[in-house]
2 protein chains.
Amino acid sequence: MNDIDQIIETLRGKQFRITPQRELIIRALADVDEDDHLTAEEIHKRVQVHTSAVNIATVYRTLDMLVEEGLVSRIDLGGDKEVFATVHHGMHMHLVCRQCGHVLDADAQILRDVGQYLFSEYEFVADLEHISLFGICANCQQ
Amino acid sequence: MNDIDQIIETLRGKQFRITPQRELIIRALADVDEDDHLTAEEIHKRVQVHTSAVNIATVYRTLDMLVEEGLVSRIDLGGDKEVFATVHHGMHMHLVCRQCGHVLDADAQILRDVGQYLFSEYEFVADLEHISLFGICANCQQ
DNA sequence: TTCACTGCAAAACGTTTGCATGTAT
DNA sequence: ATACATGCAAACGTTTTGCAGTGAA
(Lines give C-alpha, C1' and ligand atoms only; values in the text may rest on other atoms or scores of the structure.)
Protein backbone atom coordinates (compact mmCIF):
# COMPACT_ATOMS: atom_id res chain seq x y z
CA MET A 1 0.00 0.00 0.00
CA ASN A 2 1.46 3.35 -1.02
CA ASP A 3 1.52 6.66 0.74
CA ILE A 4 -1.62 7.96 -0.92
CA ASP A 5 -3.82 4.97 -0.21
CA GLN A 6 -2.53 4.79 3.31
CA ILE A 7 -3.59 8.36 4.04
CA ILE A 8 -6.98 7.86 2.41
CA GLU A 9 -7.52 4.68 4.33
CA THR A 10 -6.76 6.42 7.61
CA LEU A 11 -9.15 9.22 6.78
CA ARG A 12 -11.93 6.79 5.91
CA GLY A 13 -11.36 5.06 9.22
CA LYS A 14 -11.91 8.41 10.94
CA GLN A 15 -15.16 9.01 9.03
CA PHE A 16 -13.77 11.75 6.84
CA ARG A 17 -15.30 11.92 3.39
CA ILE A 18 -13.00 11.27 0.48
CA THR A 19 -13.89 13.87 -2.09
CA PRO A 20 -12.18 14.21 -5.47
CA GLN A 21 -10.64 17.44 -4.21
CA ARG A 22 -9.13 15.81 -1.15
CA GLU A 23 -7.80 12.94 -3.19
CA LEU A 24 -6.10 15.32 -5.62
CA ILE A 25 -4.57 17.32 -2.81
CA ILE A 26 -3.23 14.21 -1.11
CA ARG A 27 -1.91 12.94 -4.42
CA ALA A 28 -0.10 16.22 -5.07
CA LEU A 29 1.54 16.00 -1.67
CA ALA A 30 2.59 12.39 -1.99
CA ASP A 31 3.66 12.49 -5.62
CA VAL A 32 6.61 14.79 -5.20
CA ASP A 33 10.26 13.87 -5.48
CA GLU A 34 11.92 12.50 -2.40
CA ASP A 35 12.72 15.68 -0.54
CA ASP A 36 10.37 18.17 -2.03
CA HIS A 37 7.90 20.26 -0.11
CA LEU A 38 5.05 22.32 -1.42
CA THR A 39 3.41 25.56 -0.41
CA ALA A 40 -0.38 25.77 -0.30
CA GLU A 41 -0.21 27.81 -3.49
CA GLU A 42 1.94 25.20 -5.25
CA ILE A 43 -0.43 22.44 -4.24
CA HIS A 44 -3.28 24.50 -5.58
CA LYS A 45 -1.50 24.91 -8.94
CA ARG A 46 -0.69 21.22 -9.21
CA VAL A 47 -4.25 20.26 -8.51
CA GLN A 48 -5.55 22.73 -11.07
CA VAL A 49 -3.66 20.87 -13.76
CA HIS A 50 -6.04 17.96 -13.36
CA THR A 51 -9.37 19.64 -12.91
CA SER A 52 -9.79 23.29 -13.69
CA ALA A 53 -11.35 24.03 -10.37
CA VAL A 54 -10.41 23.28 -6.84
CA ASN A 55 -10.84 26.34 -4.71
CA ILE A 56 -7.85 27.65 -2.79
CA ALA A 57 -9.99 27.74 0.35
CA THR A 58 -10.50 24.01 0.01
CA VAL A 59 -6.77 23.51 -0.26
CA TYR A 60 -6.22 25.41 2.98
CA ARG A 61 -9.05 23.60 4.77
CA THR A 62 -7.82 20.21 3.62
CA LEU A 63 -4.23 20.93 4.60
CA ASP A 64 -5.34 22.08 8.04
CA MET A 65 -7.31 18.88 8.44
CA LEU A 66 -4.42 16.66 7.31
CA VAL A 67 -2.02 18.40 9.68
CA GLU A 68 -4.53 18.14 12.51
CA GLU A 69 -4.86 14.42 11.87
CA GLY A 70 -1.11 14.00 11.92
CA LEU A 71 -0.85 12.83 8.32
CA VAL A 72 0.98 15.85 6.96
CA SER A 73 3.64 18.12 8.45
CA ARG A 74 3.45 21.87 8.32
CA ILE A 75 7.02 23.00 7.86
CA ASP A 76 8.15 26.54 8.50
CA LEU A 77 10.81 27.85 6.18
CA GLY A 78 10.93 31.28 7.78
CA GLY A 79 9.38 34.58 6.83
CA ASP A 80 6.01 33.63 5.51
CA LYS A 81 7.11 30.54 3.63
CA GLU A 82 5.23 27.56 4.90
CA VAL A 83 5.42 24.22 3.14
CA PHE A 84 3.74 20.87 3.51
CA ALA A 85 4.84 17.26 3.15
CA THR A 86 3.50 13.87 4.11
CA VAL A 87 4.80 12.67 7.45
CA HIS A 88 6.78 9.91 5.79
CA HIS A 89 9.47 12.36 5.10
CA GLY A 90 12.20 11.31 7.50
CA MET A 91 13.94 13.57 9.97
CA HIS A 92 16.00 16.17 8.20
CA MET A 93 17.07 19.78 8.27
CA HIS A 94 16.24 22.50 5.80
CA LEU A 95 19.14 24.77 5.04
CA VAL A 96 17.51 27.92 3.72
CA CYS A 97 19.75 30.36 1.87
CA ARG A 98 19.10 33.94 2.92
CA GLN A 99 20.45 35.16 -0.41
CA CYS A 100 18.95 33.04 -3.15
CA GLY A 101 16.15 31.36 -1.22
CA HIS A 102 17.29 27.90 -2.21
CA VAL A 103 16.45 25.13 0.24
CA LEU A 104 18.91 22.30 0.75
CA ASP A 105 18.01 19.22 2.71
CA ALA A 106 20.56 17.95 5.19
CA ASP A 107 20.96 14.97 7.44
CA ALA A 108 19.70 15.78 10.92
CA GLN A 109 21.31 13.00 12.91
CA ILE A 110 23.69 15.42 14.62
CA LEU A 111 20.68 17.04 16.23
CA ARG A 112 20.01 14.02 18.41
CA ASP A 113 22.39 15.39 21.04
CA VAL A 114 20.79 18.79 20.84
CA GLY A 115 17.38 17.29 21.46
CA GLN A 116 18.57 15.42 24.51
CA TYR A 117 20.38 18.46 25.85
CA LEU A 118 17.27 20.62 25.52
CA PHE A 119 15.18 18.09 27.35
CA SER A 120 17.58 17.52 30.23
CA GLU A 121 18.36 21.21 30.62
CA TYR A 122 15.04 22.89 29.86
CA GLU A 123 12.49 20.06 29.86
CA PHE A 124 11.72 21.14 26.32
CA VAL A 125 10.68 18.45 23.85
CA ALA A 126 11.98 19.80 20.56
CA ASP A 127 10.40 18.78 17.30
CA LEU A 128 13.48 17.92 15.29
CA GLU A 129 11.74 16.16 12.40
CA HIS A 130 11.73 19.24 10.22
CA ILE A 131 13.85 22.07 11.38
CA SER A 132 14.94 25.02 9.32
CA LEU A 133 18.26 26.78 9.58
CA PHE A 134 19.10 29.98 7.78
CA GLY A 135 22.38 31.02 6.29
CA ILE A 136 24.30 31.31 3.05
CA CYS A 137 24.64 28.41 0.64
CA ALA A 138 27.81 27.37 -1.18
CA ASN A 139 26.78 29.11 -4.41
CA CYS A 140 26.14 32.44 -2.78
CA GLN A 141 29.50 32.70 -0.98
CA GLN A 142 30.92 34.88 -3.82
CA MET B 1 29.40 54.60 23.66
CA ASN B 2 26.17 52.69 24.08
CA ASP B 3 24.21 50.58 21.62
CA ILE B 4 21.93 53.38 20.53
CA ASP B 5 24.63 55.93 19.82
CA GLN B 6 26.68 53.33 18.06
CA ILE B 7 23.90 52.51 15.62
CA ILE B 8 23.14 56.17 15.01
CA GLU B 9 26.80 56.90 14.43
CA THR B 10 27.04 54.11 11.87
CA LEU B 11 23.97 55.38 10.05
CA ARG B 12 25.33 58.92 9.95
CA GLY B 13 28.54 57.57 8.49
CA LYS B 14 26.52 55.99 5.71
CA GLN B 15 24.70 59.26 4.99
CA PHE B 16 21.37 58.14 6.39
CA ARG B 17 19.32 60.91 7.93
CA ILE B 18 18.66 60.64 11.64
CA THR B 19 15.03 61.59 12.06
CA PRO B 20 13.22 61.65 15.41
CA GLN B 21 11.24 58.64 14.23
CA ARG B 22 14.32 56.61 13.50
CA GLU B 23 15.89 57.56 16.78
CA LEU B 24 12.80 56.45 18.68
CA ILE B 25 12.66 53.16 16.83
CA ILE B 26 16.33 52.43 17.48
CA ARG B 27 15.87 53.39 21.11
CA ALA B 28 12.92 51.02 21.48
CA LEU B 29 15.00 48.19 20.06
CA ALA B 30 18.03 48.84 22.20
CA ASP B 31 16.23 49.63 25.44
CA VAL B 32 14.73 46.20 26.01
CA ASP B 33 15.72 43.77 28.72
CA GLU B 34 18.60 41.45 27.99
CA ASP B 35 16.90 38.80 25.93
CA ASP B 36 13.79 40.47 24.73
CA HIS B 37 12.74 40.80 21.13
CA LEU B 38 10.03 42.94 19.67
CA THR B 39 7.60 42.58 16.79
CA ALA B 40 7.10 45.50 14.41
CA GLU B 41 3.77 46.11 16.09
CA GLU B 42 5.33 46.15 19.57
CA ILE B 43 7.96 48.59 18.44
CA HIS B 44 5.24 50.76 17.01
CA LYS B 45 3.37 50.74 20.33
CA ARG B 46 6.48 51.57 22.35
CA VAL B 47 7.30 54.46 20.09
CA GLN B 48 3.75 55.81 20.32
CA VAL B 49 4.19 56.22 24.06
CA HIS B 50 6.67 59.02 23.43
CA THR B 51 5.12 60.88 20.56
CA SER B 52 1.57 60.25 19.56
CA ALA B 53 2.42 59.67 15.97
CA VAL B 54 4.93 57.53 14.23
CA ASN B 55 3.33 55.77 11.34
CA ILE B 56 3.47 51.98 11.19
CA ALA B 57 4.75 52.22 7.62
CA THR B 58 7.73 54.16 8.90
CA VAL B 59 8.41 51.45 11.46
CA TYR B 60 8.47 48.80 8.74
CA ARG B 61 10.63 50.90 6.46
CA THR B 62 13.10 51.71 9.21
CA LEU B 63 13.34 48.10 10.34
CA ASP B 64 13.98 46.95 6.78
CA MET B 65 16.73 49.53 6.49
CA LEU B 66 18.35 48.56 9.79
CA VAL B 67 18.30 44.89 8.87
CA GLU B 68 19.72 45.68 5.43
CA GLU B 69 22.54 47.62 7.05
CA GLY B 70 23.30 44.74 9.37
CA LEU B 71 22.53 46.65 12.56
CA VAL B 72 19.44 44.69 13.54
CA SER B 73 18.52 41.00 13.24
CA ARG B 74 15.22 39.85 11.85
CA ILE B 75 14.37 36.76 13.90
CA ASP B 76 11.83 34.26 12.80
CA LEU B 77 9.76 32.66 15.53
CA GLY B 78 7.73 30.54 13.14
CA GLY B 79 4.27 30.97 11.68
CA ASP B 80 4.02 34.67 11.11
CA LYS B 81 5.78 35.78 14.25
CA GLU B 82 8.79 37.87 13.32
CA VAL B 83 10.77 39.79 15.89
CA PHE B 84 13.66 42.21 15.86
CA ALA B 85 16.66 42.85 18.07
CA THR B 86 19.93 44.74 17.82
CA VAL B 87 22.78 42.56 16.64
CA HIS B 88 24.48 42.82 20.02
CA HIS B 89 22.21 40.17 21.35
CA GLY B 90 24.50 37.20 21.83
CA MET B 91 24.07 33.81 20.23
CA HIS B 92 21.10 31.92 21.63
CA MET B 93 18.24 29.64 20.71
CA HIS B 94 14.55 30.34 20.91
CA LEU B 95 12.52 27.41 22.12
CA VAL B 96 9.02 28.12 20.84
CA CYS B 97 6.19 26.12 22.40
CA ARG B 98 3.74 24.88 19.79
CA GLN B 99 1.02 24.68 22.40
CA CYS B 100 1.12 27.87 24.45
CA GLY B 101 3.32 29.98 22.22
CA HIS B 102 5.74 30.77 24.99
CA VAL B 103 9.30 31.50 23.93
CA LEU B 104 12.16 30.32 26.11
CA ASP B 105 15.72 31.40 25.49
CA ALA B 106 18.37 28.72 25.64
CA ASP B 107 22.11 28.56 25.48
CA ALA B 108 23.25 27.85 21.95
CA GLN B 109 26.79 26.71 22.57
CA ILE B 110 25.95 23.12 21.64
CA LEU B 111 25.23 24.33 18.14
CA ARG B 112 28.87 25.07 17.46
CA ASP B 113 29.40 21.50 16.30
CA VAL B 114 26.32 21.65 14.13
CA GLY B 115 27.61 24.77 12.43
CA GLN B 116 30.95 23.19 11.67
CA TYR B 117 29.33 20.02 10.44
CA LEU B 118 27.07 21.92 8.05
CA PHE B 119 30.00 23.81 6.64
CA SER B 120 32.26 20.83 6.14
CA GLU B 121 29.50 18.65 4.74
CA TYR B 122 27.38 21.11 2.74
CA GLU B 123 29.50 24.26 2.51
CA PHE B 124 26.57 25.98 4.17
CA VAL B 125 27.33 28.89 6.50
CA ALA B 126 24.52 28.67 9.01
CA ASP B 127 23.43 31.72 10.91
CA LEU B 128 23.31 30.32 14.43
CA GLU B 129 23.04 33.64 16.23
CA HIS B 130 19.29 33.42 16.51
CA ILE B 131 17.75 30.11 15.72
CA SER B 132 14.28 28.97 16.59
CA LEU B 133 13.27 25.46 17.52
CA PHE B 134 9.71 24.31 17.93
CA GLY B 135 8.33 21.85 20.39
CA ILE B 136 6.48 21.49 23.65
CA CYS B 137 7.57 23.29 26.78
CA ALA B 138 7.72 21.81 30.29
CA ASN B 139 4.39 23.35 31.32
CA CYS B 140 2.48 21.95 28.40
CA GLN B 141 3.56 18.33 28.87
CA GLN B 142 0.38 17.58 30.87
C1' DT C 1 18.01 74.18 -1.14
C1' DT C 2 17.72 69.55 -1.86
C1' DC C 3 16.11 65.08 -1.91
C1' DA C 4 15.76 61.48 1.67
C1' DC C 5 12.14 60.57 4.67
C1' DT C 6 7.42 60.66 6.43
C1' DG C 7 2.32 60.26 6.75
C1' DC C 8 -1.66 58.94 4.76
C1' DA C 9 -4.70 56.05 2.48
C1' DA C 10 -5.11 52.64 -0.74
C1' DA C 11 -3.48 48.32 -2.41
C1' DA C 12 -1.53 44.00 -2.03
C1' DC C 13 -0.74 39.68 0.04
C1' DG C 14 -1.82 35.15 1.88
C1' DT C 15 -5.18 33.22 4.68
C1' DT C 16 -9.79 32.65 6.86
C1' DT C 17 -14.79 32.90 7.25
C1' DG C 18 -20.10 32.77 6.50
C1' DC C 19 -23.35 31.02 3.95
C1' DA C 20 -25.86 28.73 0.32
C1' DT C 21 -25.17 24.74 -2.60
C1' DG C 22 -23.61 20.28 -3.73
C1' DT C 23 -22.34 15.42 -2.78
C1' DA C 24 -20.13 11.30 -0.32
C1' DT C 25 -21.85 8.24 2.68
C1' DA D 1 -31.57 11.57 3.77
C1' DT D 2 -28.19 13.65 6.23
C1' DA D 3 -24.55 16.22 7.41
C1' DC D 4 -20.11 17.05 5.79
C1' DA D 5 -17.51 19.39 2.31
C1' DT D 6 -17.18 22.78 -1.28
C1' DG D 7 -17.28 27.23 -3.93
C1' DC D 8 -17.77 31.83 -3.82
C1' DA D 9 -17.07 36.26 -2.26
C1' DA D 10 -16.27 39.09 1.33
C1' DA D 11 -13.44 39.88 5.51
C1' DC D 12 -9.18 39.60 7.64
C1' DG D 13 -4.50 41.17 9.58
C1' DT D 14 -0.17 42.32 8.28
C1' DT D 15 2.92 44.39 5.23
C1' DT D 16 3.84 47.29 1.13
C1' DT D 17 3.24 51.06 -2.05
C1' DG D 18 2.31 55.69 -4.53
C1' DC D 19 2.31 60.14 -3.89
C1' DA D 20 2.24 64.68 -2.01
C1' DG D 21 4.31 67.18 1.55
C1' DT D 22 8.01 67.80 5.26
C1' DG D 23 12.34 68.52 7.32
C1' DA D 24 17.48 66.91 8.10
C1' DA D 25 21.62 67.92 5.96
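The chains referred to below are lettered A, B, ... by the order of the sequence lines, with proteins before strands, and numbering in each begins at 1. Every value quoted in this text rests on a predicted model; they were computed, and no experiment measured them.
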Measure from the side-chain heavy atoms of Thr58(A) and tell me the nearest of dA5(D), dG7(D), dT6(C).
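Taking heavy atoms from C-beta onward, the closest nucleotide is dG7(D).
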Between Arg12(A) (side chain only) and Arg17(A) (backbone N and O only), is there a donor and an acceptor less than 3.5 Å apart?
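It does not hold such a pair.
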Distance below 4.0 Å between Asn55(B) side-chain N/O and dC8(C) OP1 or OP2
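Yes, Asn55(B) has a side-chain N/O under 4.0 Å of OP1/OP2 on dC8(C).
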How long is the line joining [atom1] of [X] and [atom2] of [N], in whole Å?
| X | N | atom1 | atom2 | value |
| --- | --- | --- | --- | --- |
| His44(B) | dT6(C) | NE2 | P | 13 Å |
| Asp64(A) | dT6(D) | CG | C1' | 15 Å |
| Glu68(A) | dT16(C) | CD | P | 12 Å |
| Ile26(B) | dC5(C) | CD1 | P | 12 Å |
| Glu41(A) | dA12(C) | CD | C1' | 14 Å |
| Arg22(B) | dC5(C) | CZ | C1' | 6 Å |
| Gln48(A) | dG7(D) | CD | C1' | 12 Å |
| Phe84(A) | dG14(C) | CZ | C1' | 12 Å |

Please compare Gln15(B) and Ala57(B) by the position of their nearest nucleotide in DNA chain C and report the one closer to 5'.
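Looking at DNA chain C, the more 5' nearest nucleotide goes with Gln15(B).
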Among all residues two or more places apart in sequence or in another chain, which pass the side chain to side chain donor-acceptor pair (under 3.5 Å) test with Glu69(B)?
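For Glu69(B), the residues satisfying side chain to side chain donor-acceptor pair (under 3.5 Å) (neighbours in sequence not counted) are Lys14(B).
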Among residues at least two apart in sequence or on other chains, which ones pass side chain to side chain contact (heavy atoms under 4.5 Å, CB included) with Glu42(A)?
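Only Leu38(A), Thr39(A) meet the side chain to side chain contact (heavy atoms under 4.5 Å, CB included) criterion with Glu42(A).
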Mind checking what makes salt bridge (charged side-chain N to carboxylate O under 4.0 Å, His left out) contact with Arg61(A), not counting sequence neighbours?
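Residues passing salt bridge (charged side-chain N to carboxylate O under 4.0 Å, His left out) with Arg61(A): none at all.
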For Asp64(B), give me all partners under salt bridge (charged side-chain N to carboxylate O under 4.0 Å, His left out), at least two apart in sequence or on another chain.
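Listed in chain order: Arg74(B).
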Nearest 0.5 Å, what's the CG-CG distance between Leu24(A) and Leu29(A)?
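One gets 11.5 Å once the value is rounded to the nearest 0.5 Å.
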N/O to N/O distances under 3.5 Å, protein versus nucleotides 23-25 of chain C:
residue, atom, partner, partner atom, Å
dA24(C), N3, Arg17(A), NH1, 3.4
dT25(C), OP1, Arg12(A), NH1, 3.2
dT25(C), OP1, Ile18(A), N, 3.2

Using the ring pair (Phe, Tyr, Trp, His ring centres under 6.0 Å) criterion, which residues pair with His94(A)? Sequence neighbours excluded.
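Once residues adjacent in sequence are excluded, the partners of His94(A) under the ring pair (Phe, Tyr, Trp, His ring centres under 6.0 Å) criterion are His37(A), His92(A), His130(A).
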Over all strands shown, is Arg61(A) touching base, sugar-phosphate only, or nothing at heavy-atom distances under 4.0 angstrom?
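Arg61(A): base contact, heavy atoms under 4.0 Å.
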